[in-house]
Undergrad: 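Can you keep this structure in mind? I'll have questions shortly.
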Amino acid sequence: MEWLKAVQRLRELRVPGVLVTLTSVRGHSPREAGAKMVVSEDRTWATIGGGNLEAVAIERARSMIGDGLATPETLKVSLSDKAPYQHGVQCCGGEVELLLEPLPVVPSVAIFGMGHVGLELARILARHDLELHLVDSRTAQLEPEQLRGLDDAVAGIHVHQVPVLPELVIGELPEGTHVLVMTHDHAEDAALCDAALRAGQLASIGLIGSSAKWSRFRAKLADEGHAPEAIARITTPIGLPDLGGKEPATIAVSVAARLLQIFAGEPASTEQQPR
């Protein structure tokens with residue numbers, strides 16, 4: 001199906017769009033109920049019948065994209081020569097109803113370090129509609145047996161096995177990715193923080209660890225030439241400030257909840273406990 005391939009393609013390219021479905025038909029129309037079309041800012045795929053009907057749908061879909069709307073809409077269009085028209089007369093004699101469903105760009109999250117916390121976090125995030133990148137320099141941590149809990153994931157799962165220089169993955173991540181640094185090795189964490197600050201495409205950078213660890217990292221990043229305002233882009237500790245506990249599952253729930261707040265545009269609290 002052309003429209004289905006288009007939906008998948010837009011998701012891969014991280015481009016917003018709108019899925020238009022002809023949901024009901026009264027009288028005559030160019031296409032039967034169920035016909036679909038996909039609209040992006042600069043092109044369309046498939047057809048719901050052409051003419052004024054399709055032009056009106058495309059115009060409204062692109063307006064929704066431009067306004068960043070996320071709620072589906074219905075639209076009724078009359079196909080009568082007596083009905084108002086914007087893009088030419090279309091007098092099939094019927095009336096149709098359209099459903100316009102936004103296809104937003106889903107969040108992208110990268111977890112560096114698939115240890116106890118990373119795996120628990122991946123299990124939670126995998127239940128959400130997002131793109132999830134899993135990175136570890138230890139090959140065993142990304143074996144299928146280790147990731148079996150993600151087999152029924154809703155998220156798109158991308159596994160990066162990088163035994164050497166995992167920080168190179170930073171440059172391969174999609175624009176707007178939220179990066180979480182939680183590896184088994186503080187030297188690796190430091191290299192990842194440095195690479196993340198040098199990358200220009202990331203939405204946020206989170207680092208797991210204590211205040212003592214962050215104090216050392218902050219000094220090291222400054223020595224490597226990062227300005228204070230750049231270093232401030234790194235959030236540490238991570239997670240919800242009022243959800244304590246050091247169990248991996250508890251930390252994972254806290255971090256996932258904070259990410260969901262970020263996705264919803266909610267501001268951060270300033271009172272956080274080391275994590």
Undergrad: Scan residues 179-229 for pairs that pass ring-ring contact (aromatic ring centres under 6.0 Å, His included), counting only residues two or more places apart or in two chains.
TA: none
Undergrad: Going by side-chain contact (heavy atoms from CB on, under 4.5 Å), name the residues that satisfy it together with D67, two or more places apart in sequence or in a different chain.
TA: S63, L69
Undergrad: Could you check whether E2 pairs with K5 (Lys NZ or Arg NE/NH1/NH2 to Asp/Glu carboxylate O, under 4.0 Å)?
TA: no
Undergrad: Is there side-chain contact between H133 and I157, with at least one heavy-atom pair below 4.5 Å?
TA: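 Counting from C-beta outward, H133 and I157 never come under 4.5 Å.
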Undergrad: Is there side-chain contact between L98 and R60, with at least one heavy-atom pair below 4.5 Å?
TA: no
Undergrad: Taking side-chain contact (heavy atoms from CB on, under 4.5 Å) as the definition, give me every residue that meets it alongside E41, ordered by chain and number, with sequence neighbours left out.
TA: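 With sequence neighbours excluded, E41 shows a side-chain contact (heavy atoms from CB on, under 4.5 Å) to I65, given in chain and number order.
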Undergrad: Can you pull out every side chain to side chain donor-acceptor pair (under 3.5 Å) where at least one residue sits in residues 98-118? Sequence neighbours excluded, please.
TA: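 Applying side chain to side chain donor-acceptor pair (under 3.5 Å) to every pair that reaches into residues 98-118, excluding sequence neighbours, yields S108-T177.
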Undergrad: In chain order, what residues pass the side-chain hydrogen bond (donor to acceptor under 3.5 Å, both in side chains) check against D151, with sequence neighbours excluded?
TA: none
Undergrad: My understanding is that only residues two or more places apart in sequence, or in another chain, count here; which of them pass side-chain hydrogen bond (donor to acceptor under 3.5 Å, both in side chains) with E224?
TA: K220
Undergrad: For Q201, what residues pass the side-chain hydrogen bond (donor to acceptor under 3.5 Å, both in side chains) criterion, not counting sequence neighbours?
TA: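 Partners of Q201 under the side-chain hydrogen bond (donor to acceptor under 3.5 Å, both in side chains) test: none.
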Undergrad: Please list, chain by chain and in numerical order, all residues satisfying side-chain contact (heavy atoms from CB on, under 4.5 Å) with P107, sequence neighbours excluded.
TA: L130, F263
Undergrad: What pairs with E229 under side-chain hydrogen bond (donor to acceptor under 3.5 Å, both in side chains), at least two apart in sequence or on another chain?
TA: none
Undergrad: Check side-chain contact (heavy atoms from CB on, under 4.5 Å) between A122 and all other residues, then give those that pass, not counting sequence neighbours.
TA: I111, M114, L132, L134, L150
Undergrad: Which donor-acceptor pairs under 3.5 Å do the side chains of residues 14-24 make with protein atoms, sequence neighbours left out?
TA:
from: R14; atom 1: NH1; to: V106; atom 2: O; distance (Å): 3.0
from: R14; atom 1: NH2; to: V106; atom 2: O; distance (Å): 2.8
from: T21; atom 1: OG1; to: K36; atom 2: NZ; distance (Å): 3.0
from: T23; atom 1: OG1; to: E97; atom 2: O; distance (Å): 2.9

Undergrad: Using the salt bridge (Lys or Arg N to Asp or Glu O under 4.0 Å) rule, collect all pairs that involve residues 170-183, keeping only residues at least two apart or in two chains.
TA: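 As it turns out, there is no salt bridge (Lys or Arg N to Asp or Glu O under 4.0 Å) pair with a partner in residues 170-183 once direct neighbours are skipped.
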Undergrad: Evaluate the side-chain proximity of D136 to T183: yes if any heavy-atom separation is below 4.5 Å, no if none is.
TA: no
Undergrad: Decide whether R11 and Q8 meet the rule of one side-chain donor and one side-chain acceptor closer than 3.5 Å.
TA: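 No - no donor-acceptor pair under 3.5 Å links their side chains.
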Undergrad: Applying the 4.5 Å side-chain criterion to the ILVMFWY set and letting contacts propagate, would V39 and V105 be lumped into a single cluster?
TA: no
Undergrad: Would you kindly confirm whether V162 and V181 end up in one hydrophobic cluster when ILVMFWY residues are joined by side chain heavy atoms under 4.5 Å apart?
TA: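 Same cluster.
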Undergrad: Should the pair D42-R62 be classified as a salt bridge under the 4.0 Å nitrogen-to-oxygen rule?
TA: no
